Engineer: 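Just dropping this structure here.
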Amino acid sequence: MAEILSAFGEPDCQPGTISRKSKIYCFLYKNLSLLVEAGKVIAMDIDFHGKAGFFVLPEEIAGWRRADWVGLSKTQAWQETCIGDATHLGGDGIRLTFSDAGKLAVLSIR
């Protein structure tokens, strides 16, 4: 856990386990969530759609829309899934979720 704190600083709230018996801890840094098990990051979610502020900025991808991501996904052999208004693109270890307006909402890395 010391490595997480030295790399990212103090989280927005006290890290806690994801359930009572779990050994997986969740660290929250504005729009960045880290799941940590045995001192290693096992998952990272970046929320570009929420209102918590930005720890991770979209910068170069800020202007990308769903069509841009679909084009990239074809070169990476990712799969596209639509559930209700949400569109998901993903492949090995990565998942992108888009708002109904076509903007990147959440990027998940596992």
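The shown structure was predicted, so the numbers you read here are calculated from the model rather than taken from an experiment. All residue numbers refer to positions in the sequence shown, counting from 1.
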Engineer: Applying side-chain hydrogen bond (donor to acceptor under 3.5 Å, both in side chains), name anything that partners E80, two or more places apart in sequence or on another chain.
Structural biologist: R66

Engineer: Hey, could you give me each pair passing salt bridge (charged side-chain N to carboxylate O under 4.0 Å, His left out) that has a residue in residues 4-31? Not counting sequence neighbours.
Structural biologist: none

Engineer: By side chain to side chain contact (heavy atoms under 4.5 Å, CB included), which residues pair with I42, not counting sequence neighbours?
Structural biologist: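 Scan of I42 (side chain to side chain contact (heavy atoms under 4.5 Å, CB included), adjacent residues dropped) gives I24, L35, E37.
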
Engineer: So which heavy atom on S99 is nearest to which on A105, and how close?
Structural biologist: N-CB, 4.0 Å

Engineer: List in chain and number order the residues that pass side chain to side chain contact (heavy atoms under 4.5 Å, CB included) with Y25, two or more places apart in sequence or in another chain; answer none if no residue qualifies.
Structural biologist: M1, T17, F27

Engineer: Strictly by salt bridge (charged side-chain N to carboxylate O under 4.0 Å, His left out), give each pair with a member in residues 49-64 just once, sequence neighbours left out.
Structural biologist: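 For residues 49-64, and leaving out neighbouring residues, there are no salt bridge (charged side-chain N to carboxylate O under 4.0 Å, His left out) pairs at all.
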
Engineer: Tell me who clusters with I83, hydrophobic residues only, linked when side chains sit under 4.5 Å apart either directly or through other members.
Structural biologist: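 Listed partners: none, I83 stands alone.
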
Engineer: Who else is in V106's hydrophobic cluster (ILVMFWY, side-chain heavy atoms under 4.5 Å, direct or via others)?
Structural biologist: none

Engineer: Please tell me whether F55 and L34 are part of a single hydrophobic cluster in this structure, the criterion being side-chain heavy atoms less than 4.5 Å apart.
Structural biologist: yes

Engineer: Measuring only between side-chain heavy atoms, which start at C-beta, is W64 closer than 4.5 Å to L72?
Structural biologist: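 Yes, side chains in contact.
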
Engineer: Donor-acceptor check, side chain of D47 to backbone of L32, threshold 3.5 angstrom: yes or no?
Structural biologist: no

Engineer: Transitively linked via ILVMFWY side-chain contacts under 4.5 Å: M44 with I18?
Structural biologist: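 Per the 4.5 Å side-chain linkage, M44 and I18 are not co-clustered.
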
Engineer: With sequence neighbours excluded, tell me which residues meet side chain to side chain contact (heavy atoms under 4.5 Å, CB included) with K74.
Structural biologist: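 With neighbours one apart ignored, the set is V70.
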
Engineer: For a 4.5 angstrom cut-off between non-hydrogen side-chain atoms, does T87 reach T81?
Structural biologist: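 With C-beta onward as the side chain, the pair stays apart.
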
Engineer: Under 4.5 Å between any side-chain heavy atoms of Y29 and S33, yes or no?
Structural biologist: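 Side-chain contact under 4.5 Å: no.
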
Engineer: Sequence neighbours excluded, which residues qualify as side-chain hydrogen bond (donor to acceptor under 3.5 Å, both in side chains) partners of T97?
Structural biologist: H88

Engineer: Test of understanding: with side-chain hydrogen bond (donor to acceptor under 3.5 Å, both in side chains), list the residues that count as partners of S108, not counting sequence neighbours.
Structural biologist: D45

Engineer: What pairs of residues pass the ring pair (Phe, Tyr, Trp, His ring centres under 6.0 Å) test when at least one of them lies in residues 33-52, not counting sequence neighbours?
Structural biologist: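 The answer is none; no pair qualifies.
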
Engineer: Minimum heavy-atom separation for G53 and N31, please, with both atom names.
Structural biologist: O-CB, 3.3 Å

Engineer: Using the side chain to side chain contact (heavy atoms under 4.5 Å, CB included) criterion, which residues pair with I94? Sequence neighbours excluded.
Structural biologist: W78, L96, L107

Engineer: Going only through I, L, V, M, F, W and Y residues with side-chain contacts under 4.5 Å, is there a path from V56 to V36?
Structural biologist: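 Yes, V56 connects to V36 through the hydrophobic network.
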
